[in-house]
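Notes to accompany the following structure.
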Amino acid sequence: MKRVITFGTFDVFHVGHVNLLQRAAACGDQLIVGVSTDALNFSKKNRYPIYNQNDRMRIINGLRYVNFCFEEESLELKREYILRYNADVLVMGDDWAGKFDEFKDICDVIYLPRTPSVSTTQLIEVISSSEGNG
Ligand code: C2G
């Protein structure tokens, strides 16, 4: 049984997130997802996600190739989460390439290519610029 772990905010869930999670699931037998909390996002970006953490967790939990998800409360706890959930593989999008190589002593670390041309930030910009235009 190979367990895969990944982390993310998954705000305004989009096809780039699906692609990442599906390919992460295909790296093993079980996929565990750490969903960053609203407080963690606020501390990092000085703004809250559009979707709150309960809704983001519900969306991730509803995906058939996700076996389990939990709240990621701190970026500094990755090693603890990997050990707590007995993960054999850590998968992240390649915007994080090289950033998690320090965990290669306890699991495989794989960076998957991001889906081009889609991001939560870009979606927020498109939606907010269309408001007020009619
Ligand atoms: N992603 C992707 N393609 C996109 C957009 C996102 O493959 N077009 C991937 C990211 O590389 C990441 C995952 O989807 O692996 C989740 O992306 P975000 O919600 O932006 O998560 P992030 O803020 O990178 O994670 O410990 C990490 C933190 O939880 C933050």
Side-chain angles (χ1 to χ4, degrees):
M1 171 72 71
K2 202 169 176 183
R3 289 157 76 99
V4 181
I5 195 166
T6 192
F7 298 88
T9 307
F10 305 103
D11 191 25
V12 190
F13 194 76
H14 59 64
V15 74
H17 296 143
V18 172
N19 290 340
L20 189 285
L21 291 171
Q22 253 176 346
R23 286 175 297 155
C27 292
D29 305 301
Q30 279 198 342
L31 179 61
I32 300 154
V33 183
V35 176
S36 61
T37 59
D38 294 339
L40 170 54
N41 275 273
F42 192 81
S43 72
K44 262 193 328 180
K45 301 177 189 166
N46 225 31
R47 71 165 180 82
Y48 286 106
I50 306 285
Y51 296 168
N52 69 43
Q53 70 196 52
N54 290 338
D55 290 353
R56 290 182 289 110
M57 295 265 293
R58 278 174 55 78
I59 290 167
I60 301 301
N61 251 325
L63 300 170
R64 83 165 72 87
Y65 38 83
V66 172
N67 296 92
F68 178 73
C69 77
F70 66 94
E71 290 171 3
E72 179 191 26
E73 298 195 73
S74 163
L75 296 179
E76 276 69 56
L77 288 174
K78 287 228 165 40
R79 181 173 292 274
E80 281 76 359
Y81 293 132
I82 292 167
L83 294 171
R84 183 184 307 167
Y85 296 109
N86 275 318
D88 304 291
V89 189
L90 168 63
V91 170
M92 293 296 294
D94 63 4
D95 44 326
W96 294 96
K99 298 266 164 55
F100 300 119
D101 288 355
E102 65 191 279
F103 306 123
K104 285 184 176 170
D105 59 334
I106 52 170
C107 64
D108 291 339
V109 180
I110 298 176
Y111 304 100
L112 295 175
R114 273 171 71 92
T115 302
S117 313
V118 57
S119 74
T120 300
T121 308
Q122 179 226 347
L123 286 167
I124 293 170
E125 278 167 18
V126 170
I127 294 164
S128 52
S129 68
S130 68
E131 280 171 10
N133 287 342

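These numbers were taken from a predicted model, which means no experiment stands behind them. Note that ligands are numbered from 1 as they come in the structure, with each ligand's atoms numbered from 1 the same way.
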Worksheet entry | Side-chain donor-acceptor contact under 3.5 Å, Asn19 with Thr115 | yes

Worksheet entry | Non-neighbouring partners of Glu71 that pass side-chain hydrogen bond (donor to acceptor under 3.5 Å, both in side chains), sequence neighbours left out | Gln53

Can you list every pair where an N/O of ligand 1 is under 3.5 Å from an N/O on the protein?
from: ligand 1; atom 1: 3 (N); to: Thr115; atom 2: N; distance (Å): 3.1
from: ligand 1; atom 1: 8 (N); to: Thr115; atom 2: O; distance (Å): 2.8
from: ligand 1; atom 1: 8 (N); to: Val118; atom 2: O; distance (Å): 2.7
from: ligand 1; atom 1: 11 (O); to: Asp95; atom 2: OD1; distance (Å): 2.6
from: ligand 1; atom 1: 15 (O); to: Gly93; atom 2: N; distance (Å): 3.0
from: ligand 1; atom 1: 19 (O); to: Thr9; atom 2: N; distance (Å): 3.1
from: ligand 1; atom 1: 19 (O); to: Phe10; atom 2: N; distance (Å): 2.8
from: ligand 1; atom 1: 21 (O); to: Thr9; atom 2: N; distance (Å): 3.2
from: ligand 1; atom 1: 23 (O); to: Thr9; atom 2: OG1; distance (Å): 3.3
from: ligand 1; atom 1: 24 (O); to: Trp96; atom 2: NE1; distance (Å): 2.9
from: ligand 1; atom 1: 26 (O); to: Glu72; atom 2: OE1; distance (Å): 3.3
from: ligand 1; atom 1: 26 (O); to: Glu72; atom 2: OE2; distance (Å): 2.8
from: ligand 1; atom 1: 26 (O); to: Lys78; atom 2: NZ; distance (Å): 2.6
from: ligand 1; atom 1: 29 (O); to: Gly8; atom 2: N; distance (Å): 3.4
from: ligand 1; atom 1: 29 (O); to: Glu72; atom 2: OE1; distance (Å): 2.5

Discussion item. Could you check whether atom CZ of Arg64 has more than 12 heavy atoms from other residues, nucleotides or ligands sitting under 6.0 Å from it?
Written reply: no

Response to the item:
With sequence neighbours left out, the residues meeting side-chain hydrogen bond (donor to acceptor under 3.5 Å, both in side chains) with Asp101 are Tyr111

Worksheet item: ring-ring contact (aromatic ring centres under 6.0 Å, His included) with Phe100: which residues, sequence neighbours excluded?
Response: Trp96

Discussion item. To the nearest 0.5 Å, what is the distance between SG on Cys69 and OH on Tyr85?
Written reply: 9.5 Å

